[in-house]
Each structure stands twice: as structure tokens, then as C-alpha cells.
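The structure under discussion appears below in the form of C-alpha cells.
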There are 2 protein chains.
Amino acid sequence: MPTRTSAQRRETARDAHRAAVSLCPTNRVLDRLGERWVGLVLKELEAGPLRHSDLARALAGASQKMLTHTLRELERDGLVRRTVTASVPVRVDYALTPLGESLLPVVHAVTRWAQEHVQEIDAARQAYDAEN
Amino acid sequence: MPTRTSAQRRETARDAHRAAVSLCPTNRVLDRLGERWVGLVLKELEAGPLRHSDLARALAGASQKMLTHTLRELERDGLVRRTVTASVPVRVDYALTPLGESLLPVVHAVTRWAQEHVQEIDAARQAYDAEN
DNA sequence: CCGTATCCACAAGGATACTG
DNA sequence: CAGTATCCTTGTGGATACGG
């Protein structure tokens, strides 16, 4: 049972820890919410279903690719439902699922905290940047 | 007044929207929380101050560089306080500030939701992956 | 209209070695 | 012990063009 260097042991521990982290539900959700356009998509869909083109307009900053990618991931996670209406031209609607709606209060909690504390954060940054 | 192509107009709109997004308090907070080690650091510090080495042990998956980086960002945002005790060897403690503590309920909201709904997410993923 | 495919830039993150 | 400095790999996101 061969002599492993301490470097090897550390590496193993790192990998194990990372595996655990990537499985942790909280981190999985934080990762998702941290993706660039996810929060905005949820906010847009909060008021009701939207067509793809509506979302594209609302998220003018997102590239086609990222908008589709974001929506696909949300669909895959069961947060959003995609409905295709086969007319000409095609019509695609996106809506929150019940699961997606259950996430809204959480997003709102973040929003509320953010609004209440941005000033403090900005003040802290200014103070920090001033002396460093 | 120069004739701008529609491509140019779109580009301007994109940039404007992106600027707005990056200023939005909610997105700023989600970005921060979405960073790889932030959630874990907050969780670790929740129970009380920790030395740098304790954090390094707890976050075995994070590289030195990322641990320090994460802590610096949190310090800059006023969420964590860094205290240096000039002994030999040096001792550095990290603790949540009141602002950092005020964020905990939000993180807990995410955690609770995540734990309650991971199964649904995983089920949705399996269903999605099965037919695509 | 709603996407996919391809290619590409840049930043995030990491390995390693070194310092007060 | 706690942190920098350096170099390198990867992944995220974007531009562009094309297809159903």
C-alpha cells in the first residue's frame, strides 16, 4: 500500500471535496441562480407565460445562444415549461412550472435583501478600495 | 445623424441592457452567491469566526488562491471582517460582519428550498434526458 | 420565428513555487 | 501561518452564419 506522497493525499482530498460540493443541493441551486440570465428570465416569467421573441426583447443583453441555453437548462431542471405551437411561423411559449413558481419566494428574498443592503455594500467597497 | 444599421442599433441596445443588468442589486448579489466558494464560506463562518487555516481545511476543494480571493471579495463587500493578529507566526481570523449575518436568512431560504426540491429537479432531469 | 452549429475571446479558476 | 506571483488550463459566454 504504496507510499503516497502528501501531495497525492491532498489531491485526493481535493477531488473528494469537490465532488461533494457539486452534489450539494444548495450549491447546485446557487450555481443555477448565479448564471448570468437565470434570475432575469425567472423575473420575466413571473407575470405569466411569454413567447420566445418576447423574452428576447426583454433580455436584450443576452445572445440568442445564451437565451436558448438558459431556457433549456431551466426546462431541464423542471422550472420552466416549453410549449411549441406548430403554426407557421412556429410559436414557442415559456412558462414557469409549479416548481419554478415555488422558487420565486426565494428569489424575492434575495431581491429584498439586495435592495435593502446595496448601499452598505457600495459603502464597504468604497472604504475598502480607498485604503488598498 | 448618421445612418446606423440595424446591427449597430442592436449592439447599442445590448450594451445598455448589459450595463443595467450588471448594476441591478439582485444580480450583483446572485453573482456573488453564485461564485464557487462563497456559499460554503458563509456557511462555515456562520457558527463563528475561523482562522484562515481552519477555512482551508473546511474547504479542502478550494485552491489557496481561490480561498483568499473569495475572502477578499467578501471582505470588500463588507460581509466578512478580516482580523490580523501580529504574532509569530501570524494569525488571521475571519468573521461575518452584521451585514454578512443579515444575509444568512437568505442563504437559508435557498438551502431550505434546495433540500425540499432536489428530488423534483433530479426527476425532471432524468425525464428530460430520457427523451432528448 | 425559433432555433442550431461553428468558431472564438476572455475571464475564472487552478498548480506550483516562493516570501514576510 | 498566511499570503503572492506566475504560468497554464478550462469553461462560459458571445459573434456570426445557417437551417427547419
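The basis for the numbers below is simple: all heavy atoms, side chains too, and nothing from hydrogens, waters or symmetry mates. Within every chain, numbering begins at 1; the chains are lettered A, B, ... in the order of the sequence lines, protein sequences first and strands thereafter.
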Original post:
With respect to the phosphate group of C:dC2, does any side-chain polar atom (N or O) of A:T68 fall under 4.0 Å of OP1 or OP2?
Top reply: no

Subject >> Options D:dG13, C:dG3, C:dA15, nucleotide nearest the side-chain atoms of A:R82 >> reply: C:dG3

**OP:** Report the nucleotide, chosen from C:dA15, C:dG13, D:dG14, that has the shortest atom-to-atom distance to any side-chain atom of A:R14.
**Re:** C:dA15

Original post:
Once you round it to whole Å, what is the distance between C1' of C:dA11 and CG of B:D31?
Top reply: 13 Å

Original post:
Which whole-number value in Å describes the distance from B:E73 CD to C:dA11 P?
Top reply: 15 Å

**OP:** Any chance you could measure A:C24, atom SG, to B:L40, atom CG, to the nearest 0.5 Å?
**Re:** 6.5 Å

Original post:
When you check the phosphate oxygens OP1 and OP2 of C:dG3, does a side-chain N or O of A:Y94 lie under 4.0 Å from one of them?
Top reply: yes

**OP:** Map A:W37 and A:V90 onto DNA chain D by nearest heavy atom, then report which one ends up closer to the 5' terminus.
**Re:** A:W37

Subject >> Single hit among B:L79, B:L96, B:T97 for side-chain contact (heavy atoms from CB on, under 4.5 Å) with B:L74 >> reply: B:L79

Original post:
Rounded to whole angstroms, how far apart are CZ on A:R18 and C1' on D:dT10?
Top reply: 12 Å

**OP:** Starting at atom CG of B:D15, determine the distance to atom P of D:dG14, rounded to an integer number of angstrom.
**Re:** 11 Å

Original post:
Would you say B:R51 reaches D:dA2's phosphate, i.e. side-chain N/O to OP1/OP2 under 4.0 Å?
Top reply: yes

Subject >> Flag, side chain of A:D122 to backbone of A:Q119, donor-acceptor distance under 3.5 Å >> reply: no

Original post:
Atom CG of A:L71 to atom P of C:dT4: distance rounded to whole Å?
Top reply: 11 Å

Original post:
CG of A:L67 versus P of C:dT4: gap in Å, rounded?
Top reply: 11 Å

**OP:** Name the closest nucleotide to the A:H52 side chain, picking from C:dG3, D:dA2, D:dA15.
**Re:** C:dG3

Subject >> Nearest-Å distance for atom pair NZ/C1', residues A:K65 and D:dC18 >> reply: 15 Å

**OP:** Could you tell me whether the phosphate oxygens of D:dT4, OP1 or OP2, come under 4.0 Å of any side-chain nitrogen or oxygen in B:R72?
**Re:** yes

Original post:
What's the NE2-P distance between B:H69 and C:dA12, to the nearest Å?
Top reply: 7 Å

Original post:
What are the two closest non-hydrogen atoms of A:S102 and B:W113, and how far apart are they?
Top reply: OG-NE1, 2.9 Å

**OP:** For the pair B:R32 and B:E73, find out whether any cationic side-chain nitrogen is under 4.0 Å from an anionic carboxylate oxygen.
**Re:** yes

Subject >> Candidate nucleotides D:dG13, D:dA2, C:dA15, ranked by approach to the side chain of A:M66 - the nearest >> reply: D:dG13

Original post:
Base, sugar-phosphate, or nothing for B:Q64, non-hydrogen atoms under 4.0 angstrom?
Top reply: base

